[in-house]
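Values reported hereafter were calculated over all heavy atoms of this structure, with side chains retained and with hydrogens, waters and symmetry mates removed.
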Amino acid sequence: MLLFIGKVSILFIIYVMAVRLLGKSALAQLTAHDFGALFFIAYLLFGSIEVNGMLQAIIGGATILLLYLAITKLTLWNKLNKYLIGEPTFLIKHGKIMSHNLKKSRYTISELMSIIRTNGYFDINDVDYALLEPNGEISVLPKKDKGFITPSHLDLNIDDNGLPIVVIVEGEIQRHNLKSINKNEDWLINELDSLGYSQLNKIFLATVRDKDLLLKVYTEH
């Protein structure tokens with residue numbers, strides 16, 4: 001059994017290292033060859049382990065879980081974090097394309113342009129920074145004169161009424177969500193009655209904003 005645990009541990013660590021070597025772009029884009037590489041590495045590595053019976057399956061699963069928790073714990077150490085997770089990489093800095101970092105991260109200029117467009121900027125000259133995050137996502141910061149106008153730019157005071165919390169889905173009361181806004185079923189029923197909704201099964205969706213407690217009801221059409 002110890003030999004089996006050892007094999008599982010070694011193969012899992014090798015797989016994590018292999019995914020790490022594939023780079024952040026593989027996790028973010030997951031193109032056909034990215035998916036193929038991830039799938040076949042997993043298949044070849046873990047397909048080599050012979051699992052005999054439910055006991056070995058449970059022990060193997062527990063081993064993977066413990067290794068995952070251990071690696072997660074290690075990422076909390078700053079000295080190890082950059083090796084286990086990685087560091088952000090500048091693809092554009094001060095409006096200039098970092099071609100060396102693009103090649104190192106295995107991103108093409110066309111892929112970078114595509115990401116910038118999905119962020120709402122169609123001219124690369126509008127971008128001040130583009131940062132490839134450790135999880136593979138790209139953060140885009142526009143130049144000061146190219147950003148979208150927000151109420152704060154116009155010195156407007158906008159009321160923050162809170163986040164809509166789902167309290168009913170297809171006639172079923174979401175009790176946990178009600179509890180999160182410090183309300184109960186009696187309060188919800190009274191609010192529904194005041195709006196003219198007496199039958200829960202007629203309600204497709206209902207939400208309550210967590211600050212002003214405004215109830216919104218949606219029915220099927």
**Asked** Under the side-chain contact (heavy atoms from CB on, under 4.5 Å) criterion, do Lys183 and Leu178 qualify, and how do the steps go?
**Response** CA-CA 5 Å; Lys183 295 298 178 181; Leu178 264 179; 4.0 Å; yes
**Message:** Using side-chain contact (heavy atoms from CB on, under 4.5 Å), reason through Val166 and Leu205 one step at a time and then give a plain yes or no.
**Reply:** CA-CA 7 Å; Val166 176; Leu205 176 70; 3.8 Å; yes
Q. Could you walk me through whether Thr207 and Leu214 pass the side-chain contact (heavy atoms from CB on, under 4.5 Å) check?
A. CA-CA 8 Å; Thr207 63; Leu214 179 66; over 6 Å; no
Margin query: If you apply the rule side-chain contact (heavy atoms from CB on, under 4.5 Å), what do you find for Leu91 with Leu131, and how did you get there?
Written below: CA-CA 6 Å; Leu91 301 182; Leu131 200 61; over 6 Å; no
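Rounded to the nearest 0.5 Å, atoms CD (Gln174) and NZ (Lys179) are 15.0 Å apart. The distance from the CD1 atom of Ile59 to the CD1 atom of Ile64 is 13.0 Å, given to the nearest 0.5 Å. Atom CG of Asp128 and atom NE2 of His94 lie 7.5 Å apart (nearest 0.5 Å). Here the OG-CD distance, from Ser105 to Glu111, works out to 11.0 Å after rounding to the nearest 0.5 Å. Here the straight-line distance linking atom CG of Leu112 with atom CG of Leu132 works out to 10.0 Å at 0.5 Å rounding.
Nearest heavy atoms, Ile165 versus Ser180: CG2-OG, 4.2 Å. A pairwise comparison of heavy atoms in Ser198 and Asp193 identifies CA-OD1, 3.9 Å as the closest pair. Between Gly60 and Val8, the shortest heavy-atom distance links the atoms O-CG1, 4.0 Å. Closest approach of Ile124 to Met113, counting heavy atoms only: CD1-SD, 3.7 Å.
Two residues are said to be in side-chain contact when any heavy atoms from C-beta on lie closer than 4.5 Å; Pro142 and Asp126 fail this criterion. Under the 4.5 Å side-chain criterion, counting only non-hydrogen atoms from C-beta, Ser9 is in contact with Thr63. Within the 4.5 Å cutoff, the side chain of Pro164 has no heavy atoms near those of the Lys216 side chain. Residues Phe122 and Ile116 are not in side-chain contact: their nearest non-hydrogen atoms beyond the backbone lie 4.5 Å or more apart. Within the 4.5 Å cutoff, no side-chain heavy atoms of Leu102 are placed close to those of His100. Taking the side chain as every heavy atom from C-beta outward, Lys202 and Tyr197 never approach each other to under 4.5 Å.
At distances below 3.5 Å, not a single donor-acceptor pair connects side-chain atoms of Asp210 with backbone N or O atoms of Ile181. A donor-acceptor contact shorter than 3.5 Å links the side chain of Ser194 to the backbone of Glu191. Remark: the backbone N or O of Met54 is not paired with any side-chain donor or acceptor of Gln56 at under 3.5 angstrom. One N or O on the side chain of Asn119 and one on the backbone of Ile115 form a donor-acceptor pair closer than 3.5 Å.
In terms of hydrophobic clustering, with Ile, Leu, Val, Met, Phe, Trp and Tyr side chains grouped at heavy-atom distances under 4.5 Å, Phe4 and Leu67 are assigned to a common cluster. Val140 and Met98 fall into different hydrophobic clusters, where Ile, Leu, Val, Met, Phe, Trp and Tyr are joined by side-chain heavy atoms under 4.5 Å apart, directly or via other members. Under a hydrophobic clustering in which Ile, Leu, Val, Met, Phe, Trp and Tyr are joined whenever their side-chain heavy atoms come within less than 4.5 Å, directly or via other members, Trp187 and Leu195 fall into the same cluster. Under the 4.5 Å side-chain heavy-atom criterion for grouping Ile, Leu, Val, Met, Phe, Trp and Tyr, Ile58 is not connected to Ile5 through any hydrophobic cluster.
Judged as a side chain to side chain contact (heavy atoms under 4.5 Å, CB included), and not counting sequence neighbours, the contacts of Leu200 are Ile168, Ile173, Ile189, Leu192, Ile203. Applying the side chain to side chain contact (heavy atoms under 4.5 Å, CB included) criterion to Leu66, with sequence neighbours excluded, gives no partner residue. Here Leu141 pairs with Tyr129 under the side chain to side chain contact (heavy atoms under 4.5 Å, CB included) rule; sequence neighbours left out.
Cation-pi contact between Lys93 and Phe90: present, with separation from the ring centre below 6.0 Å and deviation from the ring axis of at most 45°.
Few gaps surround NZ on Lys143; more than 12 heavy atoms of other groups in view lie less than 6.0 Å from it.
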